[in-house]
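Quantities reported herein were computed from a predicted structural model and do not represent experimental measurements.
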Amino acid sequence: MSSWIVGLDVGSTTVKAVAAPRESGEVAWQKYTRHETRQGETVRQFLGQMERELGVSAGNAQVMITGSGGGALAPLLGARYVQEVNAVSLAVEKYAPDARSVVELGGQDAKMLFFEPRPGGGLKKTATMNDQCAGGTGAILDKLSAKLQLPAGELCRQHYDGLALHPVAGKCGVFAESDINGLQKQGVPAGELMASLFEAIVLQNMSVLTRGRLLQPCVLLLGGPNTLIPGMREAWRAHILRQWRERDVVLPAG
């Protein structure tokens, strides 16, 4: 009988899961879906699917869980809870050891991790997080793309480069919506509105979460908005490169 390691990330808007045989550690099953506020039900469906397709069961699996909804579900599953900043840090150290800065945008939070060289060797890890306000998070993208009647598929094809940008507040979802409403009434196209929102989110997080630090290369972009929306990555790239040029940062080869 195979022995399995199961990882669950129960976030504010999505549930992600992986299953890997303990012997190899290679991912054999993975899934990512919006839970539509049904966190527990979605986790149960994932575990049932793993059981049917892989034979994963309570008797042969070690379950690790993280995310904003993970703490409440961990004791019900007999799972080990890992705080989400620690989970990201451990994953980056294993899979992207060259990263010195990490930006993760979630459904209702945003975080940055900094891996700074110590004078005597090794890296000092520092994290900053916004989990108190929707400003600068994926929640604003969800709300305003729905308002603009942009289907998810179209949002995931939305770009930033080459589009006209307009002033949109990034520090508060209410202010952002007010700005978008005004621009929409002026006839600004939906694509330009979304590109302007990407810009606002990036500038908000760069001003608040960096806490005076500079994102150092290599920068790793994580989370649903950064992964799925090319315009978010383009906006980060534009502003990070601008800062590096202004401060004469020496970039690694390539």
Is it true that [X] and [Y] fall in one hydrophobic cluster, defined by side-chain heavy atoms closer than 4.5 Å?
X: I180; Y: L163; result: no
X: M206; Y: L251; result: yes
X: L144; Y: L155; result: yes
X: L222; Y: M232; result: no
X: V27; Y: L47; result: no

Minimum heavy-atom separation for [X] and [Y], please, with both atom names.
X: T13; Y: G107; answer: OG1-CA, 3.8 Å
X: H159; Y: F198; answer: O-CE1, 4.0 Å
X: V18; Y: Q30; answer: CG1-CB, 3.9 Å
X: A195; Y: Y160; answer: O-CD1, 3.5 Å
X: C172; Y: I140; answer: C-CD1, 4.5 Å
X: S68; Y: G11; answer: OG-C, 3.6 Å

Side-chain heavy-atom pair [X], [Y] within 4.5 angstrom cut-off:
X: V43; Y: L77; answer: yes
X: F46; Y: T33; answer: yes
X: I65; Y: V82; answer: no
X: Q83; Y: T66; answer: no
X: I201; Y: L105; answer: yes
X: Q243; Y: L215; answer: no
X: T126; Y: L113; answer: no
X: S3; Y: E23; answer: yes

Determine yes or no for a side-chain-to-main-chain donor-acceptor pair under 3.5 angstrom, with [X] supplying the side chain and [Y] the backbone.
X: N205; Y: G136; answer: yes
X: S178; Y: V174; answer: no
X: N60; Y: G55; answer: yes
X: H35; Y: S12; answer: yes
X: N226; Y: L221; answer: no
X: Q158; Y: G191; answer: yes
X: S101; Y: Q216; answer: yes
X: S196; Y: E192; answer: yes

What's the spacing between [X] [atom1] and [Y] [atom2] if we round to 0.5 Å?
X: L193; Y: H166; atom1: CG; atom2: NE2; value: 6.5 Å
X: E154; Y: M194; atom1: CD; atom2: CE; value: 10.0 Å
X: R118; Y: K124; atom1: CZ; atom2: NZ; value: 7.0 Å
X: N130; Y: Q108; atom1: CG; atom2: CD; value: 10.5 Å
X: L90; Y: Y95; atom1: CG; atom2: OH; value: 11.0 Å
X: L165; Y: E199; atom1: CG; atom2: CD; value: 5.0 Å

Inset, instruction - Step by step, work out the side chain to side chain donor-acceptor pair (under 3.5 Å) result for Q62 and W4. - result: CA-CA 6 Å; Q62 179 184 12; W4 296 92; over 6 Å; no
Legend entry - Among K125, R213, R100, the one residue meeting side chain to side chain contact (heavy atoms under 4.5 Å, CB included) with E116: R213
Inset, instruction - Starting from the C-alpha separation in whole Å, work towards a yes-or-no answer on side chain to side chain contact (heavy atoms under 4.5 Å, CB included) for Q184 and K147. - result: CA-CA 10 Å; Q184 189 178 27; K147 181 178 183 60; 4.3 Å; yes
Legend entry - H239 and R242: side chain donor to acceptor below 3.5 Å: yes
Inset, instruction - Answer with yes or no whether the side chains of K16 and T14 bring together a donor and an acceptor at under 3.5 Å. - result: yes
Inset, instruction - Go through the steps to decide whether D9 and E84 satisfy the test side chain to side chain contact (heavy atoms under 4.5 Å, CB included), and finish with yes or no. - result: CA-CA 8 Å; D9 180 6; E84 60 190 276; 5.9 Å; no
Over 12 non-hydrogen atoms of neighbours within 6.0 angstrom of [atom1] in [X]:
X: R22; atom1: CZ; value: yes
X: Q149; atom1: CD; value: no
X: F175; atom1: CZ; value: no
X: E41; atom1: CD; value: yes

Legend entry - Trace of the salt bridge (Lys or Arg N to Asp or Glu O under 4.0 Å) decision for R34 with D142: CA-CA 12 Å; R34 286 179 176 267; D142 273 353; 2.9 Å; yes
Inset, instruction - Could you walk me through whether F115 and V102 pass the side chain to side chain contact (heavy atoms under 4.5 Å, CB included) test, one step at a time? - result: CA-CA 9 Å; F115 296 81; V102 177; 3.8 Å; yes
Inset, instruction - Using a strict 4.0 Å threshold on nitrogen-to-oxygen distance, state whether D161 and R233 make a salt bridge. - result: no
Inset, instruction - Verify side chain to side chain contact (heavy atoms under 4.5 Å, CB included) between L228 and Y32, making sure each step is shown before the conclusion. - result: CA-CA 12 Å; L228 299 173; Y32 173 108; 3.9 Å; yes
